[in-house]
Amino acid sequence: IKPENILLHDGRPMVADFGIALAVSAAAGGRMTETGLSLGTPHYMSPEQATAEKEITARSDQYSLASVLYEMLAGEPPHGGGSAQQIIMKIITERAAPVTTWRKSVPLNIAAALSRGLEKLPADRFASIAAFAEALANPAFRVAGMEAATATAAGARGVSRPVFAATVLSLGALAVWGWVHRPADTDSTAPVAFSVDQTGPFGIVMPTIDEVLPLALSPDGRMIAYVVRPNGIPMLAVRALDQPTASVLVGTENVQGGITFSPDGRALAFVQQGRLRRIALDGTPPVDLADLGVVYQALSIVWLPDGNIYFVGSGTGRSLYRVEASGVSAAVAIPYPDSLGALLGLKPIPNTPWMLTSGTRGTRPVTVAVSIETGEGRIIDVEASGAMTTADGRAILLVKENGTVTIAPFDPATLAITGPEVPVLRDIGGSQLGKQSALTLTPSGTLAYLRAERRENQLVEVSRSGTERPLSGKPDSYKDPRWSPDGTRLAFTISDAGVTGDVFVEDLRAGTRTRLMTGSQNWYPLWTPDSRALVLASLRESTLGIWRVPVDGAGEAVRVSTGGTLPQLITPDGQTLLYRVESRATGTDVYATPLDVSGSTRAILNTPASELAPDLSRDQRWLVYASDESGRSEVYVTAWPGLGARRQLSSGGGEEPRWNPRGGELFYRNGDALVAVTLEERDGMPSAVQRDTLFRGSYSRQPRWPQYDVSADGQRFLMVRESERKEPVVVITNWLPSALERMRTGAVTP
C-alpha cells in the first residue's frame, strides 16, 4: 500500500498495480507481503517488512495504510531520509512524531489512531483494519499518553524533523563535527562532575559484564561516546559535554564490546557483529577494519597514535591483538604468559611499548604491564586492582579493591613507583577481581568512572496484567531467579559486579534463606526436576565449571560437565544438560551433555550467528532460542531432539524466550516489554498466531540467561524489579590538576 498504487475514481479509492502484486504472489506462492520482498520506495514499509520477516500479517498493510494517511495530513511520510537504507533504519528504530507536530488542526482521535497504526510491534496495532477505521471515526478515541506527546510535539514545532526524544542523527553528527573543530578554550576551569543518565531509550546501556566502563572519552575530554538502545537496538551515541543531548550514529546498530576514540577525536572504533569498524563523526558511513574471527566481544580497546588499535577480548585465549586503523587487515595476535590469567582493560604507558592491565593470580587481581611488541608480562609490585598513568607517564593512579583511588609518582622507564601514594578518590565500582576497566582518564585531565552503588533490587512475582507482589523483604543485588519445580522455593544469585556471585535458596514456606556454598563464586542456578539439587556455574581454584549441589546439604557438590562452563537448561526428564560455549569462530553456541557425564557431548546450535537462552517445551518436542542471525536478536523454534528446520516466532526483536509450562504459548522480552505469543502448529511446526504485550516495567534483563521464570500454571512471573539506584557513570572535567597537586603536597582528599 503506497500512494502510487491508490487511484481515485468517482470519489472512491481503488488499489491498483495488481499485475505486479499477482506476479510476485504467484512466484512466491502467497501474498506479496508474506514474502518479505521489498519493492520500490521504502517509505511505507512496515518494520517487519523492512527486516524481511517471513511471517507477515494484515497488520503490515495497516502500518502502510497509516503511513499513507499520515502523509496525506502532514505532507510527508512518517520517516524520511536521504537513502533507502536511512529510511529503513528509521522505520525500524524511530517512533513516528505525532502527526499534530506538522498539522495542529488534526483531531486528537485521528492522531491517536495513527499513533496506534504506526506501532513498531504488529501486536500493538489495531486487531483489524475495521478497528482502525472505527477509531478514525470515533471522536472519543485516545491512546494513553497521547495528549502529553502531542503537547510536547507542539512545543517543538519549527524544529526540523524530530527523531527520538532528544537525538539528531545526521544533523547531530555534523553539529558534533563542528564542535570538535572549534578552537580550544585556553582558560582554566574548575572541575565539574555529572552522571550520565541511564533511563529511557537514550540512557547509557550498562554492559552485561558490569566491571567494564560503558563509555569512552575523547582525548581532549570534551566528548563522550556510549551505547544507547532506541527501540531495543544497541547503537553508538556521542555527546559533546557542553550540549544537553546526544547524537545516535547511524550504521552502528548491534554494537558489541569496547569503544575508543581516535587520537585526534574525529572517529570511533567499535565492534559490530564480529567486525572491528571505524566511523567518522562527520556523518560518513562506517567502514570495516578487520574481521575478528578470534573474538566475539572486545572487553577493552585502545587506539594509539602509532596508527594501531589494540584490544583484549573474551574468547581470545592468552593474547592481546593489534589491528591497523587505516584499513582492512587481519588481527595480529600478541601472546602473553598464561600465568597472567585473563586480562581486563588496557591502559597505555605513554612513549613506551607497555600497557597497564589487570590480570589474575588465583582468585586475586594483580596489576600487570604487558609489552605490545613482545607480549612480555611484568607484575607491578603494588597493592591494586587496576592502574593507569597520566599522559606524561610520571604519575600513576592505583585503584584499590575497596574502591579507593590513590596517586603516586611513577617512573615509566623502570615501571616502578617512586614516591608515596595519596588518596584522591573514593567509591569506584566494578568487579572485585579487576577494577582496571571501571575508570578512564584523558590526556586533558577529564576522568570518568563507575561509582560504587549497591543495587537494591527486589524479587517480585508479577501477574499477566502486571500486578506485582514482593517475594523477599530484603532488597539486594539479585539476578538469575528460578522457582523450584514444586513451587516452594526460590534460587537466585546475589552478585555485586559481574564476576562475583553467591547462590542462595529461599524457602517460601519457612521464610528462610540459605547460602548454598562457600569458598567459590557461583551463578546461574538450575533446579533438577525433582527439586532436590541445583546445577550451576562455579569458579573453584581459578577453574570455571558446572556443578550439581544438593539443596539440603546432604552430600558433596559434584562436577557434572567437563567441557561446559555456563549452564542453560536441564531437560524435563532430568537426563540432559544444555550449556553455553563461547567460540572464537561462531560466537555463542549451545551444546548438550548427559547429566551423569557418562555419555558423549554434542553440538546443538553452532552456526556463525550467536544462539542464546535455549528453552525446551514441557513435552520435549520443541526447542526455542534467540539468535542474532538477522542482525538483531529474534526468537526461533526448532524440533527437538532432531533439530532441522526452524521458524521465527518473535517480531521486531526478541530475547530471553521461555515456554508456558501449560503449552500453546511462549514468552519473550522485547525492550522493557514481556510479550506472550499464542501458538498453533502449522505445517508440522509451532507458528505465532497472535502476539500480545502483557506488561512493561523496569525489570532486569540479560540476553544470555533469562532473568525471569514462569510459574507452573503460566499465570505468574518471577522477576527482578530494578531499583532506581544504579551504579552511575560519573564524569569529572579538569579533575587531574587538583589530584597532581595533592600528590605534590601530600594532601588527602576530604
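Just so it is clear, the values below take in all heavy atoms, side chains as well, and ignore hydrogens, waters and symmetry mates. All residue numbers refer to positions in the sequence shown, counting from 1.
Tyr310 is linked by a side chain to side chain donor-acceptor pair (under 3.5 Å) to Asp306, counting only residues two or more places apart in sequence or in another chain. Pro348 pairs by the side chain to side chain contact (heavy atoms under 4.5 Å, CB included) definition with Val302, Leu304, Met355, not counting sequence neighbours. With sequence neighbours left out, Asp392 forms a salt bridge (Lys or Arg N to Asp or Glu O under 4.0 Å) with no residue at all. For Arg513, the side chain to side chain donor-acceptor pair (under 3.5 Å) partners two or more places apart in sequence, or in a different chain, are Ser472, Tyr478, Glu506. For the ring-ring contact (aromatic ring centres under 6.0 Å, His included) test, no residue two or more places apart in sequence or in another chain qualifies with Tyr226. For Ser195, the side chain to side chain contact (heavy atoms under 4.5 Å, CB included) partners two or more places apart in sequence, or in a different chain, are Pro728. Remark: Ser371 engages Thr374 in a side chain to side chain donor-acceptor pair (under 3.5 Å) (not counting sequence neighbours). Residues satisfying the salt bridge (Lys or Arg N to Asp or Glu O under 4.0 Å) criterion with Arg394, sequence neighbours excluded, are absent altogether. Qualifying side chain to side chain contact (heavy atoms under 4.5 Å, CB included) partners for Ser633, counting only residues two or more places apart in sequence or in other chains: Ala626, Glu655. Among residues two or more places apart in sequence or in another chain, the side chain to side chain contact (heavy atoms under 4.5 Å, CB included) test is passed with Ala395 by Thr390, Ile407, Leu740, Met743. Not a single side chain to side chain donor-acceptor pair (under 3.5 Å) links Glu253 to another residue, sequence neighbours left out. Qualifying ring-ring contact (aromatic ring centres under 6.0 Å, His included) partners for Trp735, counting only residues two or more places apart in sequence or in other chains: none.
Annotation: side chain of Lys479 is not in contact with side chain of Val720 (no heavy-atom distance under 4.5 Å). At least one side-chain heavy atom of Leu471 sits less than 4.5 Å from a side-chain heavy atom of Leu718. The closest side-chain heavy-atom distance from Trp303 to Pro263 is below 4.5 Å. Side-chain contact check for Pro219 versus Phe261: some heavy-atom pair is nearer than 4.5 Å. The side-chain heavy atoms of Leu441 and Leu736, taken from C-beta on, include a pair separated by under 4.5 Å. With a 4.5 Å cut-off on side-chain heavy atoms, Asp220 and Thr442 do not count as touching. Side-chain contact check for Asp476 versus Asn457: every heavy-atom pair is 4.5 Å or farther apart. Considering only heavy atoms from C-beta on, Asn522 stays 4.5 Å or farther from Thr493 through its side chain.
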TODO: Could you give me the CA-CA distance, side-chain angles and deciding distance for Ile334 and Tyr336, then say whether side-chain contact (heavy atoms from CB on, under 4.5 Å) is met?
DONE: CA-CA 7 Å; Ile334 307 172; Tyr336 61 83; over 6 Å; no

Test side-chain contact (heavy atoms from CB on, under 4.5 Å) on Glu468 and Tyr699 and set out the steps.
CA-CA 11 Å; Glu468 285 187 10; Tyr699 301 106; 2.5 Å; yes

#### Entry: side-chain contact (heavy atoms from CB on, under 4.5 Å) between Met223 and Leu281, worked out
CA-CA 11 Å; Met223 186 179 301; Leu281 300 187; 3.6 Å; yes

Report task. Could you walk me through whether Ile309 and Ile301 pass side-chain contact (heavy atoms from CB on, under 4.5 Å), step by step? Result -> CA-CA 7 Å; Ile309 296 172; Ile301 182 169; 3.6 Å; yes

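Between Arg451 and Asp427 there is no salt bridge, since none of the side-chain N atoms of the basic residue sits less than 4.0 Å from a carboxylate O of the acidic one. Using a 4.0 Å cut-off between charged side-chain N and carboxylate O, Arg701 and Glu722 make no salt bridge.
Taking both residues in full, the closest heavy atoms of Val227 and Pro234 are given as CG1-CB, 3.9 Å, listed atom of the first, atom of the second, then distance. Taking every heavy atom of both residues into account, Trp705 and Glu656 meet most closely at O-OE1, 4.3 Å. When all heavy atoms are compared, the tightest approach of Leu236 to Thr252 is N-OG1, 2.9 Å. Residue Thr404 comes nearest to Pro423 through the heavy atom pair CG2-CB, 4.3 Å, listed as atom of the first residue, atom of the second, then distance. Taking all atoms of both residues into account, the shortest heavy-atom contact from Ala391 to Pro350 is O-CG, 2.9 Å. Of all heavy-atom pairs between Pro420 and Pro409, the closest is O-CD, 3.7 Å.
A donor-acceptor pair is defined here as one N or O able to donate and one able to accept, closer than 3.5 Å; no such pair exists between the side chain of Arg278 and the backbone of Leu289. The main-chain N or O of Ser610 is found under 3.5 Å from a side-chain atom of Asp628 such that the two form a donor-acceptor pair. Judged purely by atom type and a 3.5 angstrom limit, Lys347 has no side-chain atom pairing as donor or acceptor with the backbone of Ala387. Side chain of Asn670 to main chain of Gly653: a donor-acceptor pair is present (N/O by atom type, distance under 3.5 Å, no hydrogens or angles). The backbone N or O of Tyr524 sits less than 3.5 Å from a side-chain atom of Asp480, completing a donor-acceptor pair. Using modelled atom types, one side-chain atom of Thr745 and one backbone atom of Glu741 make a donor-acceptor pair closer than 3.5 Å.
A side-chain donor from one of Gln272 and Arg277 sits under 3.5 Å from a side-chain acceptor of the other. Checking Arg580 against Thr588 by side-chain atom types alone, no donor-acceptor pair falls below 3.5 Å. A side-chain donor from one of Glu421 and Thr406 sits under 3.5 Å from a side-chain acceptor of the other.
The side-chain contact (heavy atoms from CB on, under 4.5 Å) test with Leu356 is passed by exactly one of Leu415, Ile396, Leu346, Val368: Ile396.
One distance of note links CG of Leu425 with CG of Leu439; it measures 8.0 Å at 0.5 Å rounding. Once rounded to the nearest 0.5 Å, the distance linking CG of Leu459 with CZ of Arg721 reads 12.5 Å. Interatomic distance, OG1 of Thr357 versus CG of Leu320, reported as 8.5 Å (0.5 Å rounding).
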